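Taking it in order: structure first as structure tokens, then the write-up.
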Amino acid sequence: MISQVFILSSKGDYLIYKDFRGEAGKDSISVFYEMVTALSGDQPPVVMTHKDLHFIHVKQGGLYWVASTKVNPSPFTIIEFLNRLAALTKDYCGSLSEKSVRMNFALIYELLDEMVDYGYIQTTSTDILKNFIQTEAVSSKPFSLFDLSNVGLFGAETQQSKVAPSAAATRPIMSGRGEQGGKNEIFVDVIERLSVVIGSNGMLMKADIEGEIRVKCYLPSCSEMRIGLNEEFSIGKSQLRGYGAAVHVDECSFHQAVKLDEFDSFRILKVCPSQGEQTVMQYQLCDNLPCAPPFRLFPTLERDYGNRLLIYLKLRCDLPPKSSALNVSITVPVPKGSLSLSQELSSPDQSAELQPKNKAILWEIPRFPGGAQLSALFKVEVPGLSSASLLEVGPVSMSFELPKYTCTGLQIRFLRLTPTQPGLSQRWVRYVTHSDSYTIRI
């Protein structure tokens with residue numbers, strides 16, 4: 001009987017985390033990593049115990065594949081399960097690496113949902129699983145020194161990686177938009193605001209998400225609308241489902257007009273929409289981020305000759321390759337008295353300027369594809385530059401917009417209107433995540 005399954009990078013970052021029974025807290029991840037790194041030697045024991053929690057792990061592709069349990073099952077059964085999980089991940093994704101796991105986290109969660117039910121292993125057969133897995137794998141083109149067509153300055157990728165076609169994101173109700181007349185249309189917007197603080201060591205220190213479902217109705221008449229959310233959607237610890245919830249929020253509130261008689265059983269909201277705009281649901285998730293942070297920054301500061309300060313920034317977008325961030329803005333505080341700036345940017349569509357009043361560099365990127373990496377080298381003239389001046393650099397703040405993407409994974413399964421609208425009625429579902437506060441310490 002398995003309590004948890006998680007996959008860690010070699011640095012201890014969790015890529016996948018699935019709690020099947022709610023018996024152990026999420027701190028078990030850090031407990032395991034501290035135990036496995038504290039041991040001397042290249043081969044730590046496969047089975048380790050902390051209090052009443054047993055950890056069984058294998059290491060493949062430079063990743064830790066870990067299962068935890070509070071009972072005493074056969075270790076060989078769990079080891080075989082973990083090896084099969086790694087093999088299936090490689091079969092579906094084409095390779096076994098941190099990048100492939102990050103890019104295919106939705107697929108791996110779906111695999112775990114089908115392989116394990118409430119901690120009990122159901123199947124690891126490829127022939128059986130292929131009948132149930134709907135998410136298509138995302139594959140990336142491996143880097144080659146002989147193919148530099150998609151590499152820019154400092155090795156930044158300038159084109160989006162080739163990916164396998166997928167209809168998973170558009171499977172619900174979205175159809176081709178006809179003429180936009182503003183009549184006989186209804187929009188359901190899932191909007192999330194992300195607040196993140198990342199420490200100088202790259203560890204996630206804070207992650208809060210505030211979201212809402214907003215309805216804009218332009219239908220002449222509609223007595224009732226039914227909105228279907230993820231079946232695995234759960235609210236608070238008391239509503240965690242036994243097989244492990246794929247979408248979880250801490251708090252949730254509804255508009256007074258929303259009927260919830262089908263919500264507990266089927267995750268369906270029923271509302272009688274009025275003409276115009278109304279927020280039917282608000283939710284919040286604190287101190288947790290179900291997915292990887294959308295951006296990672298790798299900064300380097302150096303003192304050049306004279307009074308010149310070199311700031312080298314490598315920014316990586318950890319969104320899935322089919323997603324993109326828009327209107328990305330990076331603000332880098334610099335020492336007071338900075339006079340001039342020269343820059344080397346990894347693509348021509350970027351821009352940067354020194355803002356003396358704000359004592360900061362503003363680096364702007366109109367569009368940032370998921371899975372890509374961009375770089376910038378800033379040379380700042382600072383009179384009287386000293387070691388203390390380096391302490392004035394940072395923290396870096398970012399603002400961005402992530403269309404067609406939600407960090408919680410909340411999705412609209414369907415949107416049904418009663419009675420059926422006469423003539424052609426358009427129904428649209430839109431997803432967007434905004435940065436409320438995204439801070440990276442350097």
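Reckoned from all heavy atoms, side chains included, excluding hydrogens, waters and symmetry mates. Keep in mind that this is a model prediction, so the values were computed, not measured.
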> Any side-chain heavy atom of Val66 sitting closer than 4.5 Å to one from Ile7?
Replying inline: no

> Considering residues at least two apart in sequence or located in another chain, which fulfil the side chain to side chain contact (heavy atoms under 4.5 Å, CB included) criterion with Ala86?
Replying inline: Gln60, Trp65, Leu96

>> Using a 3.5 Å distance criterion without hydrogens, assess whether the side chain of Tyr33 forms a donor-acceptor pair with backbone atoms of Ser28.
In response: no

> Are the side chain of Arg367 and the backbone N or O of Leu326 linked by a donor-acceptor pair below 3.5 Å?
Replying inline: no

> What residues form a side chain to side chain contact (heavy atoms under 4.5 Å, CB included) with Gln343, not counting sequence neighbours?
Replying inline: Leu341, Leu345, Ala352, Phe378

> Can you name the one residue among Tyr405, Trp363, Phe295 that meets ring pair (Phe, Tyr, Trp, His ring centres under 6.0 Å) with Phe400?
Replying inline: Phe295

>> Would you say that Glu364 contacts Ser351 through its side chain, given a criterion of any heavy-atom pair below 4.5 Å between the two side chains?
In response: yes

> Yes or no on side-chain contact (heavy atoms from CB on, under 4.5 Å) for Asp13 and Arg102, after CA distance, side-chain angles and deciding distance?
Replying inline: CA-CA 11 Å; Asp13 298 326; Arg102 287 187 185 277; 4.0 Å; yes

> Which of these, Val5, Val46, Thr69, Ile2, sits in a side-chain contact (heavy atoms from CB on, under 4.5 Å) with Ile78?
Replying inline: Ile2

> Charged N to carboxylate O under 4.0 angstrom, Glu392 versus Lys359?
Replying inline: no

>> side-chain contact (heavy atoms from CB on, under 4.5 Å), that's the test. Do Cys286 and Gln284 meet it? Break it down for me.
In response: CA-CA 7 Å; Cys286 299; Gln284 186 175 18; 3.6 Å; yes

> Under the side chain to side chain donor-acceptor pair (under 3.5 Å) test, which residues partner Ser389, sequence neighbours left out?
Replying inline: Ser386

> Do any pairs count as a side-chain hydrogen bond (donor to acceptor under 3.5 Å, both in side chains) and have a residue in residues 286-301, sequence neighbours left out, and if so which ones?
Replying inline: Lys26-Asn288

Donor-acceptor contacts, no H, no angles, side chain residues 191-200, under 3.5 Å, sequence neighbours left out:
unit_1	atom_1	unit_2	atom_2	d
Glu192	OE1	Cys407	N	2.9
Glu192	OE1	Thr408	N	3.3
Glu192	OE2	Tyr283	OH	2.7
Glu192	OE2	Thr408	OG1	2.4

> Counting distance only, does the side-chain N/O of Tyr431 pair as donor-acceptor with the main-chain N or O of Ile412 below 3.5 Å?
Replying inline: yes

>> Tell me every residue that passes side chain to side chain donor-acceptor pair (under 3.5 Å) with Ser100, counting only those two or more places apart in sequence or in another chain.
In response: Ser97

>> List the residues meeting side chain to side chain contact (heavy atoms under 4.5 Å, CB included) with Leu391, not counting sequence neighbours, and say none if there are none.
In response: none

>> Once salt bridge (Lys or Arg N to Asp or Glu O under 4.0 Å) is applied, what residue pairs with a partner in residues 59-83 remain, sequence neighbours excluded?
In response: Asp52-Lys70

> Checking Asp19 side chain against Gly22 main chain: does a donor-acceptor pair fall under 3.5 Å?
Replying inline: yes

>> Does atom CZ (Arg316) have a neighbourhood of more than 12 heavy atoms from anything else shown, all under 6.0 Å?
In response: yes

>> Which residues pass the side chain to side chain donor-acceptor pair (under 3.5 Å) test with Ser387, not counting sequence neighbours?
In response: none

> Given the rule in the side-chain contact (heavy atoms from CB on, under 4.5 Å) test, do Phe81 and Val116 qualify, once you have shown the distances and angles that lead to the verdict?
Replying inline: CA-CA 10 Å; Phe81 165 76; Val116 183; 3.6 Å; yes

> Got a sec, which residues hit side chain to side chain donor-acceptor pair (under 3.5 Å) with Asp261, two or more places apart in sequence or on another chain?
Replying inline: Lys270

> By salt bridge (charged side-chain N to carboxylate O under 4.0 Å, His left out), which residues pair with Glu23, not counting sequence neighbours?
Replying inline: Arg21

>> Taking the six-membered ring of Phe187 as reference, does the cationic atom of Lys216 (NZ for Lys, CZ for Arg) lie under 6.0 Å from its centre and within 45° of its axis?
In response: no

> When the aromatic ring centroids of Tyr14 and Phe6 are compared, is their separation below 6.0 Å?
Replying inline: no

> Only one of Arg214, Lys404, Arg430 forms a salt bridge (charged side-chain N to carboxylate O under 4.0 Å, His left out) with Asp189, so which one is it?
Replying inline: Arg430

> Can you name the side chain to side chain contact (heavy atoms under 4.5 Å, CB included) partners of Asn230, sequence neighbours left out?
Replying inline: Glu232, Phe233, Val247, Leu410, Gln411

> Between the side chain of Gln4 and the main-chain N/O of Ala24, is any donor-acceptor distance below 3.5 Å?
Replying inline: yes

